[in-house]
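One structure is given below, encoded as structure tokens.
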Amino acid sequence: MLKFVLPALDGLDLTRKQRNQIATILKEAHDQDQAQDTQEQFENLHAQIEDLLSAPGPLDQDKIAQVQQQMAALRAEREARHLQTASRIHDVLTPDQLAQMRDRQKRIHALLGELNALQHPAQQISSDTQKK
């Protein structure tokens, strides 16, 4: 979630107070992420999946499903924290800044769409054909 908010902040004219508030929010979020230490947990779960998939004999589908659920829970917790951080940043911005941010995000998404179409023209042609 934050990966969508942070680039859009770059183009905004923030006051010193706003920059300080946002820096504090981001530091608190970073500290909380470090305290949660989910990256190590996620890597351990990923290693468990690799071990299960490389073990001889039949796959333990129940164990794989259990590890997948744990991974999904970690992702959901991280996304919830990031959304809370983005909400706090939202509350620091003025309505005009939020409108500027929305416009910037729309432009970024449009440019990314154009870039994707340039990088993968075959997919564009195939999806255009399906529309007809």
Side-chain angles (χ1 to χ4, degrees):
M1 179 60 60
L2 288 178
K3 63 184 173 187
F4 299 114
V5 173
L6 294 179
L9 290 174
D10 287 339
L12 298 180
D13 185 22
L14 302 171
T15 65
R16 181 182 311 259
K17 181 180 178 183
Q18 286 175 313
R19 283 192 303 273
N20 289 339
Q21 287 174 310
I22 290 170
T24 299
I25 290 168
L26 292 174
K27 182 178 181 341
E28 289 171 359
H30 176 75
D31 292 348
Q32 187 178 22
D33 278 348
Q34 294 299 311
Q36 297 290 331
D37 198 21
T38 57
Q39 185 60 34
E40 185 176 334
Q41 291 174 336
F42 191 79
E43 289 171 7
N44 289 338
L45 292 170
H46 191 266
Q48 287 180 37
I49 291 281
E50 288 176 341
D51 290 344
L52 289 165
L53 291 173
S54 62
L59 285 175
D60 185 346
Q61 296 292 346
D62 291 337
K63 182 65 176 170
I64 289 175
Q66 181 185 35
V67 175
Q68 282 179 312
Q69 288 175 346
Q70 291 172 348
M71 291 171 87
L74 285 175
R75 282 189 197 107
E77 289 172 16
R78 181 176 54 210
E79 286 299 316
R81 285 193 313 274
H82 289 181
L83 182 56
Q84 181 184 30
T85 299
S87 297
R88 291 178 63 201
I89 290 171
H90 169 277
D91 293 345
V92 169
L93 302 175
T94 66
D96 184 52
Q97 289 169 327
L98 291 168
Q100 290 174 28
M101 187 171 84
R102 184 180 313 113
D103 291 342
R104 184 175 172 90
Q105 286 171 326
K106 285 180 182 178
R107 289 178 40 215
I108 289 169
H109 289 294
L111 288 171
L112 288 173
E114 288 181 38
L115 180 60
N116 187 50
L118 287 171
Q119 289 176 326
H120 307 285
Q123 288 179 341
Q124 185 65 32
I125 292 169
S126 112
S127 67
D128 288 345
T129 305
Q130 291 175 355
K131 291 179 185 176
K132 291 180 183 179

- Task: Quick one: do Q48 and L45 satisfy side-chain contact (heavy atoms from CB on, under 4.5 Å)? Show the steps, please.
- Result: CA-CA 5 Å; Q48 287 180 37; L45 292 170; 3.9 Å; yes

Output side-chain donor-acceptor pairs under 3.5 Å for residues 95-102, partner residues at least two apart or in another chain, one line each.
residue	atom	partner	partner atom	Å
D96	OD2	Q100	NE2	2.8
Q97	OE1	Q18	NE2	2.6
Q97	OE1	T94	N	2.9
Q97	OE1	T94	OG1	3.3
Q97	NE2	D13	O	3.1
Q97	NE2	Q18	OE1	2.9

- Query: Residues two or more places apart in sequence or in another chain: which of them pass side chain to side chain contact (heavy atoms under 4.5 Å, CB included) with E40?
  - Reply: D37, N44

- Can you find a pair of side-chain heavy atoms, one from Q32 and one from T85, that are under 4.5 Å apart? no

- Query: With sequence neighbours excluded, what pairs up with K17 under the side chain to side chain donor-acceptor pair (under 3.5 Å) test?
  - Reply: none

- salt bridge (charged side-chain N to carboxylate O under 4.0 Å, His left out) assessment of D103 paired with R107: CA-CA 6 Å; D103 291 342; R107 289 178 40 215; over 6 Å; no

- Looking at NE2 of H82 and CZ of R78, how far apart are the two atoms once the value is rounded to the nearest 0.5 Å? 6.5 Å

- Message: Under the rule for side chain to side chain donor-acceptor pair (under 3.5 Å), what residues qualify as partners of Q119, not counting sequence neighbours?
- Response: none

If you look only at distance, which donor and acceptor atoms sit under 3.5 Å apart when one is on a side chain in residues 52-68 and the other is two or more places apart or in another chain?
residue	atom	partner	partner atom	Å
S54	OG	E50	O	2.9
S54	OG	D51	O	3.3
D60	OD1	D62	N	3.4
D60	OD1	K63	N	3.1
K63	NZ	Q66	OE1	3.4

- Going by heavy atoms in the side chains, are V92 and L14 under 4.5 Å from each other? no

- Note on the structure: Applying salt bridge (Lys or Arg N to Asp or Glu O under 4.0 Å) to R88 and not counting sequence neighbours gives E28

- Task: Go through the structure and list residues passing side chain to side chain donor-acceptor pair (under 3.5 Å) with Q84, not counting sequence neighbours.
- Result: none

- Message: According to side chain to side chain donor-acceptor pair (under 3.5 Å), who are the partners of E77, at least two apart in sequence or on a separate chain?
- Response: none

- Query: By side chain to side chain contact (heavy atoms under 4.5 Å, CB included), which residues pair with Q41, not counting sequence neighbours?
  - Reply: T38, L74

- Query: For L112, which fellow cluster members are found when Ile, Leu, Val, Met, Phe, Trp and Tyr are connected by side-chain heavy-atom distances below 4.5 angstrom, either directly or through intermediates?
  - Reply: I108

